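What follows is a set of notes on a single structure, which appears directly below.
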Number of protein chains: 2
Amino acid sequence: MKNQKVTIHTIAARLNITASTVSRALSGNKRISQKTRELVNKTAAEMGYKPNHMASNLRKGKGNLIGVIIPRINRHFFSHAIAGMEAITNPAGYNLMICQTNESQAKEIDGLQTLINNRAEGVIMSISNETRNGAHIQAATDGGMPVVLFDRIIKNLNIDHVINDNFAGAYEATKHLIEQGYKNIVHFSGSLHINVYEQRLNGYKKAMNEANLDVTSDMIFDNIITRLSGEELAQTLLTKNKLPDAIFSSSDYSALGALITFKNAGINIPQDIGIVGFANEPFTELTDPALTTLEQYSEDIGRSAARLLIERIENKQNKEVPSSLSFKPQLIIRKSSQRNTID
Amino acid sequence: MKNQKVTIHTIAARLNITASTVSRALSGNKRISQKTRELVNKTAAEMGYKPNHMASNLRKGKGNLIGVIIPRINRHFFSHAIAGMEAITNPAGYNLMICQTNESQAKEIDGLQTLINNRAEGVIMSISNETRNGAHIQAATDGGMPVVLFDRIIKNLNIDHVINDNFAGAYEATKHLIEQGYKNIVHFSGSLHINVYEQRLNGYKKAMNEANLDVTSDMIFDNIITRLSGEELAQTLLTKNKLPDAIFSSSDYSALGALITFKNAGINIPQDIGIVGFANEPFTELTDPALTTLEQYSEDIGRSAARLLIERIENKQNKEVPSSLSFKPQLIIRKSSQRNTID
DNA sequence: TAAAATTGCGCAATCGATTGTACAGGTTTT
DNA sequence: AAAACCTGTACAATCGATTGCGCAATTTTA
């Protein structure tokens, strides 16, 4: 372990040339002779030269920090998405700084400001539950900060984004329930101001309409995405005269809550009630019965978001129409929704 | 949004003073008059000045990057640990660069080298399954890189570390099984060269010895930490004459595999076999019956590791004895191990 | 009141890499 | 053979912030 810091000057001194020649040689500049270039590279390797990114970034007026703002890191979807981002950003020479909002708009705004202050090259974000408008995001992009939204985005904001095709996923899931013979299918939704939940609702509606099944407002339950709220709602439903015969939930967690509550009440799943969740959380294959759900390809989404952002960063002038990528979720059919199948 | 970059020179020009005065004023140097200091601060705020960390780091010969090397980011324990680290490092002005080894020693060595090349200030790491010796880590610390190990550490390496008190946790879990009347308790272990699994085995042994229960070598099963291996082992056990009456597993996953396999074979849990896992993975409360396990306080561990590292970074000269922090896991008693309780 | 100490700030070098420009020696063109 | 071109490299400024040193003005001490 050489403890001496070796810089281009050290190398230059050793070879009796100047630092600029070393710099050019290392970056493969054609004006430097083949011979010198090879010599420099060899010597650099021998001396254990490691370029100082800070110096180079300073000179180039450019950094290597990419910010990530998400509701929580410890959610299956988000931690996988981050893994996907790292897979793209690290090899490209960028570091990730991760800010958690814990679903608070205030922390989201804070985080964005911190990233701006830290001279981040760009930001990948998924908005918090609380966030109702994109003023802070708009301000950031207006100020020249490249931003890519993923999963939870804000409509009407002209910004690159990567999302799940929640509409198609919900449509397919609902259609699956219908094909299994369920008719009175209710929907557990999240806050409808979030695109994700709005699209899932729309997909559900379309499938129902196509099958000539009415969707009345009492079949749609808002803000039911936690396990607790799923349990409570299921409890409420139990007191009513007529139970739905299936649930398409926007969340695996509320689906879980309902599943457990119904099961404890002696209701048969999937015979009496079919249940489909959303997100393919790891626990869904362990419930009894296993929960049908939709896989979201979180790592792919993370990778794509990172790629989009790096493109933006590396050619800012290019003011095209923002890209919009969409991944179709895959329906994972398990027991909780299979009434027809003999098993 | 001012688009002009404002530097200390911009401010200096505006106030007809020099950049050095501005720099000193902003850093609260006493040699600058109160009046000037306030004026500079006010003007800096007005002009929207944001210090350029790269320039300052370059000058100070110091960076703000902390590396994290872990087997996988998308494991409950690790993603929570990272959340804990971020909570400490971000406010302190450090960014995290996360490298996943996917349990490969080669990738671990690579990651460490990358971090060294990127001039990381320090590294927090948890070794891969494959890693059998700490030569690369020793080399890094010898080269002056502060390192803190957490959870999966290497013995005999004189380095700061933060771990679970696996011994105490395993002891308590085993004792709990004994108190529930189980006698023929077997242990699912991981690779014994990893401290974590060694300690869990030792805790198990101690509890058994104290209760005058023999532990023979056929009661200890090595390398059973995945769901699949748990299922296979359970299947094998089923073919033998005499089943154990309880399992203390080093992993929730293999405990899950065994639980499911036994259940499918018509064996009653906890009446016939009691099961205890380790890690309190989210799914453990959803299995049927719910799995008794040990909570690991991953966020606290992450926070502590980050604190230790920052201490090391910020006073390198201080060559004390390495710190060793240990968190006692908490036993979460659920149905899978409660034979005595009426329910 | 002269000498000493303190206060307040400017000058210029520095961190390491990059890059526009200059320049010497060699080659080709006319 | 003079003019025009390349080639390969050196020089020096630059990115933005920090800091040792120096100097003048002011205050304290003797």
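Computed from a predicted structure; not experimentally measured. Protein chains get the first letters and strands the later ones, always in sequence-line order, with residue 1 at the start of each.
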Handout entry: side-chain contact (heavy atoms from CB on, under 4.5 Å) partner of B:Met125, the single match among B:Val68, B:Ile137, B:Thr101
Key = B:Ile137
Practice task
Specify whether B:Phe77 and B:Phe150 have parallel, tilted or perpendicular ring planes, treating 30° as the upper limit for parallel and 60° as the lower limit for perpendicular.
Solution key: parallel
With the criterion being N/O to N/O and under 3.5 Å, what pairs connect the protein with nucleotides 11-16 of chain C, and how long is each?
residue	atom	partner	partner atom	Å
C:dC11	N4	B:Ser20	OG	3.1
C:dT14	O2	B:Arg59	NE	3.3
C:dT14	O2	B:Arg59	NH1	3.1
C:dC15	O2	B:Arg59	N	3.3
C:dG16	N2	A:Ala55	O	3.1

Problem - Check: A:Pro146 and A:Val123 side chains under 4.5 Å, non-hydrogen atoms - result: no
Exercise for the section: Write down the distance between CG (B:Asn64) and P (D:dA17), rounded to a whole number of angstrom. Expected result: 15 Å
Practice task
Under the salt bridge (charged side-chain N to carboxylate O under 4.0 Å, His left out) rule, what do A:Arg152 and A:Glu103 come out as? Steps first, then yes or no, please.
Solution key: CA-CA 11 Å; A:Arg152 309 216 296 221; A:Glu103 307 286 10; 2.5 Å; yes
Practice task
Answer yes or no: is there a donor N or O on one side and an acceptor on the other, between the side chain of B:Asn90 and the main chain of A:Ile98, under 3.5 Å?
Solution key: yes
Exercise for the section: Check the pair A:Ile17 / A:Val22 against side chain to side chain contact (heavy atoms under 4.5 Å, CB included), numbers first and verdict last. Expected result: CA-CA 8 Å; A:Ile17 54 180; A:Val22 174; 3.8 Å; yes
Handout entry: A:Asp300 with A:Arg303: basic N within carboxylate O range, under 4.0 Å
Key = yes
Exercise for the section: Under 4.0 Å between any heavy atoms, over every strand shown, what does B:Ile17 touch: base, sugar-phosphate, or nothing? Just pick one. Expected result: sugar-phosphate
Problem - Nearest-Å distance for atom pair NZ/C1', residues A:Lys35 and D:dT9 - result: 13 Å
Handout entry: Length of the line joining B:Arg37:CZ and C:dT7:C1', which is rounded to integer Å
Key = 12 Å
Handout entry: A:Arg72 atom CZ, over 12 foreign heavy atoms within 6.0 Å
Key = yes
Contacts under 3.5 Å, N or O only, protein and nucleotides 5-8 of chain D:
residue	atom	partner	partner atom	Å
D:dG8	N7	A:Arg31	NH2	3.1
D:dG8	O6	A:Arg31	NH2	3.1

Exercise for the section: Select base, sugar-phosphate, or nothing to describe what A:Asn29 touches, counting heavy atoms under 4.0 Å on all strands. Expected result: nothing
